[in-house]
Amino acid sequence: METNGTGDVAKTKGRKVMKQYLDILDNCLTNGTKSDNRTGIPTIRIPWGATFTHDMKDGFPLITTKKMPPKIIFVELEGFIKGITDKQWYQDRGCHIWDEWANIDAWKPVFEHKKMKETRKLGAKALTADREKELQNETMNETRDLGPIYGYQWRHFGSPYKWNPGNPTENYDLKNPGFDQVKNVIETAKINPNDRRLIVSAWNPLAQPKMALPPCHYSWQILIHNNKVNLIWNQRSCDMFLGVPFNIASYAMLLLLLAKELGYEPGVLRGNLGDVHIYENHIPQVKEQLSREPHNLPTMEIPNENWNGILNWTAKDGYKLKDYICHEKLQGDVAR
C-alpha cells in the first residue's frame, strides 16, 4: 500500500492490512480544509465524507499502526448491548471512554450549586471563564448519569428515561419499556433473513437534550446474503485519529456477535462516514501513524464455552484475539 501526500506507508501487496482506513486518514490530512467547531479546537476536515469497507475474511480490523485497547472497546459495546447508562459501570470494568461526559440534567444543578458557593467565597467577584469551565468539567467528571445514550436507544427506544443508580439496567419506565431494536432485529432476521428493515437507530431528537453526547454513529443495519451477515453503520461525526479506530473495531465485533447469534458467517463491514476530520492537536500523531508500516491483521474468535446469546455476552470472557501485532501507543487529548 502506498499513500500520497504526507503519509509514507510502505507497500503492502498481498498482505491483509487496514489500507482503507489509512487512505482516508491520509486523504483528510492532505486534502482536508481547516474548519472551526464547537470544541474550540480546529479540525482538518472533509465535509463530504468517506466510506470504509472491510471484508471480515481478511482478519479482524483492529488498527496495527498504533496500539489499540480491545478490552475497553468491547466493554463499551457490551454496555451498549445491555443498555447501560451508568458511567461507573463502565469505569468498574476498566473502560474510561465516557469519563468526561454526563447527562446535563444531572450535572448542571450540581455545577450551579458549586458555582454559587465558590462565588460567595469570592465576595462580589464573579468566577473567571477559565475557572467556571474547570468547575463544569470537574462536575461532569464526577456525575455518573450518562443519560439515554446509544445503548438505551438500542434497547428502550421511546421509553421515558429514569436514572437508577441502584440498578444500571433498570433505567427505563418498567410500565413502558420502549422498543427493543436489537431484539427485534434478531427475531426478525431469524424469521425473514431477506428483510431490508433490519435497522437499529440511536438517533432520537426528543431524547438528545438528556444525552451526555448526541450519537456520532447514529444507526446500523444488517443485510444477509449467501449465508453471510453484512453490517453497515452510519456516522455523522468522525474523529479519524481517536474515535474511528474504536468504531471500526466495535462494529466489527458486533458483526461477529450477530453472525454467531443468527448462525451465519460474518461478511462485509461498511462505514458510511459523514464529517471526516482530524483535530489540529492530533496532526503530529497522525503523521507518525502514517509513517509506520502496518502489520497483518489479527483474528478474532467468539468462544462457544462462554456463549449464551448476544444479549448476555460479556467482554470479560467473550472473545479471543489472536496474533495482534502492533506499533506502540499514540496518545491524543479528547476534544471536549
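Just so it is clear, the model here is predicted, and its values are computed rather than measured.
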Q: Tell me, do Lys133 and Thr128 make a side-chain contact under 4.5 Å, heavy atoms counted?
A: no
Q: Looking at Glu265, I want to see if its CD is surrounded by more than 12 non-hydrogen atoms of other residues, nucleotides or ligands under 6.0 Å.
A: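 Open: at most 12 neighbouring heavy atoms sit under 6.0 Å from CD of Glu265.
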Q: Is there side-chain contact between Trp307 and Asn312, with at least one heavy-atom pair below 4.5 Å?
A: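 No, too far: nothing below the 4.5 Å cut-off.
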Q: Do we get Lys87 above Trp101's six-membered ring, with its NZ or CZ under 6.0 Å from the centre and within 45° of the axis?
A: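 Here Lys87 fails the 6.0 Å and 45° test against Trp101.
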Q: The test is side-chain contact (heavy atoms from CB on, under 4.5 Å); show your working for Glu132 and Lys115 and say whether it passes.
A: CA-CA 7 Å; Glu132 190 166 321; Lys115 179 182 172 183; 3.2 Å; yes
Q: May I ask you to test the Val268-His54 pair for a side-chain heavy-atom distance under 4.5 Å?
A: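 Side-chain contact under 4.5 Å: no.
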Q: So does His96 have more than 12 non-hydrogen atoms from other groups sitting under 6.0 Å from NE2?
A: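 For His96, atom NE2 is crowded (more than 12 foreign heavy atoms under 6.0 Å).
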Q: What do you reckon, is NZ of Lys260 surrounded by more than 12 foreign heavy atoms closer than 6.0 Å?
A: yes
Q: Applying salt bridge (charged side-chain N to carboxylate O under 4.0 Å, His left out), can you list everything that pairs with Glu112, at least two apart in sequence or on another chain?
A: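 With neighbours one apart ignored, the set is empty.
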Q: Between Lys67 and His327, does the side-chain contact (heavy atoms from CB on, under 4.5 Å) criterion hold? Intermediate values first, please.
A: CA-CA 6 Å; Lys67 187 176 182 179; His327 289 267; over 6 Å; no
Q: Any idea which heavy atoms bring Asn176 and Ser159 closest together, and the distance?
A: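 That would be O-OG, 2.5 Å.
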Q: Return the minimal non-hydrogen interatomic distance between Ala249 and Leu62, and the atom names on each side.
A: CB-CD1, 3.8 Å
Q: Can you list the steps and then say if Tyr279 with His277 is a ring-ring contact (aromatic ring centres under 6.0 Å, His included)?
A: CA-CA 7 Å; Tyr279 285 97; His277 53 263; 5.3 Å; yes
Q: Check for a donor-acceptor pair, side chain of Arg236 on one end and backbone N or O of Asp275 on the other, with a separation under 3.5 Å.
A: no
Q: Are Tyr21 and Phe52 an aromatic pair by the rule of ring centers under 6.0 Å?
A: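 Between Phe52 and Tyr21, which both carry aromatic rings, the centre distance is not below 6.0 Å.
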Q: Is there a donor-acceptor pair under 3.5 Å between the side chain of Tyr251 and the backbone N or O of Trp220?
A: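 Looks like no, no N/O pair under 3.5 Å.
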Q: Roughly how far apart are Tyr161 OH and Asp145 CG, rounded to 0.5 Å?
A: 3.5 Å
Q: Counting N and O atoms only, with roles assigned by atom type, does the side chain of Trp313 sit under 3.5 Å from a partner on the main chain of Gly318, one being a donor and the other an acceptor?
A: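 Indeed, once roles are kept as given, a pair shorter than 3.5 Å links the two residues.
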Q: Between Ser219 (side chain) and Ser201 (backbone), is there a donor-acceptor pair under 3.5 Å?
A: no
Q: So, Arg292 side chain and Glu328 main chain: donor-acceptor pair closer than 3.5 Å or not?
A: yes
Q: Taking Gln235 for its side chain and Ser237 for its backbone only, find out whether a donor-acceptor pair lies under 3.5 Å.
A: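 Checking the backbone N and O of Ser237 against the side chain of Gln235, a donor-acceptor pair under 3.5 Å is found.
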Q: Taking the side chain from Gln153 and the backbone from Pro148, do they hold a donor-acceptor pair closer than 3.5 Å?
A: yes
Q: Within 45 degrees of the axis of the six-membered ring of Phe60 and under 6.0 Å from its centre: does Lys322 put its NZ or CZ there?
A: no
Q: Is it the case that atom NZ in Lys114 sees more than 12 heavy atoms from other parts of the structure closer than 6.0 Å?
A: yes
Q: Tell me, please, which residues at least two apart from His156 pass ring pair (Phe, Tyr, Trp, His ring centres under 6.0 Å).
A: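 Partners of His156 under the ring pair (Phe, Tyr, Trp, His ring centres under 6.0 Å) test: Tyr152, Tyr172.
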Q: How about Asp333: does its CG atom have over 12 heavy atoms from other parts shown lying under 6.0 Å from it?
A: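 12 or below, so no.
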Q: Is the side chain of Asn37 donor-acceptor paired with the backbone N or O of Ile41 at a distance under 3.5 Å, no angle test?
A: yes
Q: Can you tell me if Gln91 and Asp99 form a side-chain donor-acceptor pair at under 3.5 Å?
A: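 A pair is found: one side chain offers a donor N or O, the other an acceptor, under 3.5 Å apart.
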Q: Can Leu127 and Thr119 be said to form a side-chain contact (heavy atoms from CB on, under 4.5 Å), step by step?
A: CA-CA 6 Å; Leu127 300 183; Thr119 302; 3.8 Å; yes
Q: In sequence, state the C-alpha distance, the side-chain angles, and the governing distance for Lys228 and Asn226, and then conclude on side-chain contact (heavy atoms from CB on, under 4.5 Å).
A: CA-CA 5 Å; Lys228 289 187 177 182; Asn226 284 345; 5.5 Å; no
Q: What are the two closest non-hydrogen atoms of Phe111 and Thr139, and how far apart are they?
A: N-CG2, 3.7 Å
Q: Take atom NZ in Lys66; do more than 12 heavy atoms of anything else shown fall under 6.0 Å from it?
A: yes
Q: In plain terms, say whether Glu134 and Arg131 are close enough for a salt bridge, that is, a side-chain N and a carboxylate O under 4.0 Å apart.
A: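 A salt bridge links Glu134 with Arg131.
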Q: Can Glu170 and Lys162 be counted as an ion pair, charged N to O under 4.0 angstrom?
A: no
Q: Do the non-hydrogen side-chain atoms of Val182 and Phe80 ever get within less than 4.5 Å of each other?
A: no
Q: Thinking salt bridges, do Lys57 and Asp55 make one under a 4.0 Å N-O criterion?
A: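 Looking at Lys57 and Asp55, the cut-off is met.
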Q: Any side-chain heavy atom of Thr51 sitting closer than 4.5 Å to one from Asn272?
A: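 They are in side-chain contact.
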Q: Please confirm whether the backbone N or O of Pro214 pairs with a side-chain atom of Gln208, one donor and one acceptor, at under 3.5 Å?
A: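 Looks like no, no N/O pair under 3.5 Å.
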Q: Does a side-chain heavy-atom distance below 4.5 Å link Leu256 with Met56?
A: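 Counting from C-beta outward, Leu256 and Met56 do come under 4.5 Å.
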Q: Could you tell me whether a side-chain N or O of Thr30 sits under 3.5 Å from a main-chain N or O of Asp26, the two making a donor and an acceptor?
A: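 Yes; judged by distance alone, with no hydrogens or angles, the pair exists.
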Q: State, to 0.1 Å, how close Ile72 and Cys95 come at their nearest heavy-atom pair, and which atoms those are.
A: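 That would be O-SG, 3.6 Å.
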Q: If I compare all heavy atoms of Pro294 with all of Leu22, which pair ends up nearest, and what's the gap?
A: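 Result for this residue pair: CG-CD1, 4.1 Å.
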Q: What pair of heavy atoms forms the shortest contact from Ala259 to Pro266, and how long is it?
A: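 The pair with the smallest heavy-atom distance is CB-N, 3.9 Å.
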Q: Lys320 vs Glu305, test: salt bridge (Lys or Arg N to Asp or Glu O under 4.0 Å). Steps then yes/no.
A: CA-CA 12 Å; Lys320 292 181 180 179; Glu305 57 265 28; 3.2 Å; yes
Q: Can we say Lys34 and Glu280 salt-bridge, meaning some charged N sits less than 4.0 Å from an Asp/Glu carboxylate O?
A: yes
Q: Please examine the side chains of Tyr90 and Glu78, heavy atoms only from C-beta on, and report whether any two atoms are closer than 4.5 Å.
A: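 A side-chain contact is absent here, since even the closest heavy-atom pair is not under 4.5 Å.
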Q: Do His217 and Tyr150 have their ring centres less than 6.0 Å from each other?
A: yes
